[in-house]
Structure formats: structure tokens, C-alpha cells
Amino acid sequence: SFDWNDGLFDVTWSENNENVLITCSGDGSLQIWDMAKTKGPLQVYKEHTLEAYSVDWSQTRGEQLVVSGSWDQTAKLWDPAVGKSLCTFKGHEGVIYSTIWSPHIPGCFASASGDQTLRIWDVKTPGVKLVIPAHQAEVLSCDWCKYDENLLVTGAVDCSLKGWDLRNIRQPVFVLLGHTYAIRRVKFSPFHATLLASCSYDFTVRFWDFSKPNPLLETVEHHTEFTCGLDLSLHNRGQV
């Protein structure tokens, strides 16, 4: 276990070293940890001016890049081998809650924000590529479909999940209703193209298949407090 002197909001595993992970913190910093060297962080990056709330390591093989999102309304791009950020992405008009790399398109990531939008960015160009007015509420989470490079899902304070096709953003391709409080995290399945999982401040974890007429597959009520995060195993298709 590792200690830091402020709250830790997110964590991402290195895609090129199984012992390395990065956390992000309430003091605006990112920390790189090595499980083989447990004394302290290998490196600390302190550039965000408010809470660093999201961190993700790129999954495409061509590059080793990390993106962070902050309550200072910016996202930053990092190469873990370089001591400072490579560039800063500005455009959101509210706090950024989630920054997630595309599993398909190199150098492309999505961000979800309190300004009610989902935005798509390309690291090769500083400006935003696409702005999707996703909800009429703060958007707390987003994720990319593992089987369709144009499909994303958002989860918001309005208790809904919405699917978005980047080729036509006028209407969501699906809307999933059932949560009774804000949706805190949403993840697509690594094994099934139409399956996803969400967790919420309503204490539940829910599993959905958006291709079915009744998309809600299961509601798990094991938690007795806000459910803030979840992830699906890449190795065991039944494990969350």
C-alpha cells in the first residue's frame, strides 16, 4: 500500500510495466508508483491548479501516453518518461470528471465534464475535435465501446446513461434509465459489444445490454454507501 498526503481520486495501470501505476490527487498532482520500490513515488507531476480527478494510460500500442483531467477545467497529456506535461487541452467550461483514451484510435481521448458535454480530442491538435451536448446535467463518466470505435457511453447526474455515435451526435443511439441517483462510473464490457456496467450514488451496480428491448439485465444491491467506481476484468469475463 502507498500513502499520499491528499485524497486519491483515480488510478491507472501502466500498459508497458506490470509493476507501475499512476494515481491522481486532490492537490492537483499525479504520482507514479512502482510496486518493486515501495518507499515512495518514483515521480510526482504537479501542474494542475485544482483537484486532478481522472488519469488514464493509453492502450494503443504505438505510444506510451497518459492523460489527466482536472477540476481546473483542463486535460493534460504526459509521457511518463518526461518530467513535465507535453500539452494542455482547454475548452471545457466546467470541471472535468473523466478522461478516457480510445482503445482504437491512436492519440484520441474523450472527456466528460460538469459543463454537460462529452468532448473528443486528438493529441496532434490542441483544439477540441468534437463537442457533444450529452446531458442537461453534469456528466460524471464516459467510456469507449471496445468493439466500435465510433461508440461511447456517458453517465450523468440526471441518472441516465446515453450512447453516442461520433458520426451522428444529434441524437443518442440508446438511453438507459433505472438508476435513481447520479451515475458515478460507467464501463463497457471487454467481451461483449453491447454489454455495459454502471454504478451510482443510489448504492447499486447495474448491468445492461443496450441491444435488448429490456436492457437492464441485473441490479446488484450489495453496497451500503455511494458506489464510486467499478471496472471489468480483462481476463475473467464474469468478474467485476
Side-chain angles (χ1 to χ4, degrees), residues 10 54 56 59-60 96-105 108-120 129-240:
D10 201 7
S54 171
D56 195 34
Q59 293 173 8
T60 48
I96 295 175
Y97 289 113
S98 182
T99 45
I100 304 286
W101 288 105
S102 166
H104 306 282
I105 309 159
C108 177
F109 69 92
S111 58
S113 167
D115 66 11
Q116 310 184 354
T117 67
L118 171 71
R119 295 180 190 230
I120 311 298
K129 199 163 144 188
L130 195 57
V131 180
I132 301 167
H135 297 258
Q136 290 182 309
E138 290 196 295
V139 188
L140 302 186
S141 184
C142 62
D143 196 29
W144 297 79
C145 179
K146 309 303 182 269
Y147 294 87
D148 181 345
E149 67 176 36
N150 290 301
L151 184 63
L152 291 98
V153 62
T154 51
V157 172
D158 63 10
C159 310
S160 74
L161 296 161
K162 293 186 182 181
W164 301 98
D165 186 323
L166 298 182
R167 293 161 300 190
N168 179 10
I169 61 171
R170 283 200 297 275
Q171 290 290 327
V173 287
F174 62 81
V175 179
L176 304 175
L177 302 172
H179 279 295
T180 55
Y181 282 92
I183 293 163
R184 186 65 167 71
R185 179 79 44 112
V186 58
K187 286 280 179 184
F188 268 106
S189 165
F191 294 105
H192 302 278
T194 59
L195 206 71
L196 42 94
S198 58
C199 65
S200 162
Y201 288 143
D202 65 13
F203 304 179
T204 70
V205 176
R206 293 174 196 242
F207 297 93
W208 315 80
D209 183 338
F210 66 81
S211 69
K212 289 189 154 56
N214 295 318
L216 181 59
L217 302 178
E218 191 181 357
T219 302
V220 181
E221 301 184 356
H222 293 176
H223 291 289
T224 56
E225 250 307 336
F226 293 157
T227 317
C228 292
L230 87 168
D231 207 355
L232 289 85
S233 170
L234 298 174
H235 308 288
N236 179 343
R237 62 178 58 217
Q239 206 165 57
V240 177

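Both backbone and side-chain heavy atoms feed into the values below; hydrogens, waters and symmetry mates do not.
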From the list Leu217, Asp143, Leu161, side chain to side chain contact (heavy atoms under 4.5 Å, CB included) partner of Leu196 resolves to Leu161
Between Ser54 and Thr99, is there a side-chain donor-acceptor contact under 3.5 Å, judged purely by atom types and distance? yes
Problem - Thr60-Trp101 side chain donor-acceptor pair, cut-off 3.5 Å - result: no
Less than 4.5 Å apart, any side-chain heavy atom of [X] and any of [Y]?
X      : Y      : result
Tyr147 : Thr194 : no
Leu140 : Ile183 : no
Phe210 : Leu151 : yes
Phe207 : Val240 : yes
Leu216 : Arg206 : yes
Ser113 : Arg119 : no
Leu166 : Ile132 : yes

Report, as yes or no, whether the 6.0 Å neighbourhood of atom [atom1] on [X] holds more than 12 heavy atoms from other residues, nucleotides or ligands.
X      : atom1 : value
Asn236 : CG    : yes
Phe191 : CZ    : yes
Glu225 : CD    : yes

If you take all heavy atoms of [X] and [Y], which pair is closest and at what distance?
X      : Y      : answer
Cys199 : Gly229 : SG-N, 3.6 Å
Ile100 : Cys142 : CG1-O, 3.4 Å
Arg185 : Ser141 : CA-OG, 3.3 Å
His179 : Cys159 : O-CB, 3.3 Å
Ile105 : Glu149 : CD1-O, 4.0 Å
Pro190 : Ser233 : CG-O, 3.6 Å

Practice problem: Answer yes or no: is there a donor N or O on one side and an acceptor on the other, between the side chain of Ser200 and the main chain of Ala182, under 3.5 Å? | Solution: yes
Is the backbone N or O of Leu118 less than 3.5 Å from a side-chain atom of His135, with the two atoms forming a donor-acceptor pair by type? no
Do Cys108 and Ile120 pass the side chain to side chain contact (heavy atoms under 4.5 Å, CB included) test, and can you show the C-alpha distance, the side-chain angles, and the key distance before you say yes or no? CA-CA 7 Å; Cys108 177; Ile120 311 298; 3.6 Å; yes
Across all chains, not counting sequence neighbours, the ring-ring contact (aromatic ring centres under 6.0 Å, His included) partners of Phe226 are Tyr201
Lys212 meets the salt bridge (charged side-chain N to carboxylate O under 4.0 Å, His left out) criterion, sequence neighbours left out, with Asp209
Glu138 meets the side chain to side chain donor-acceptor pair (under 3.5 Å) criterion, sequence neighbours left out, with Tyr97
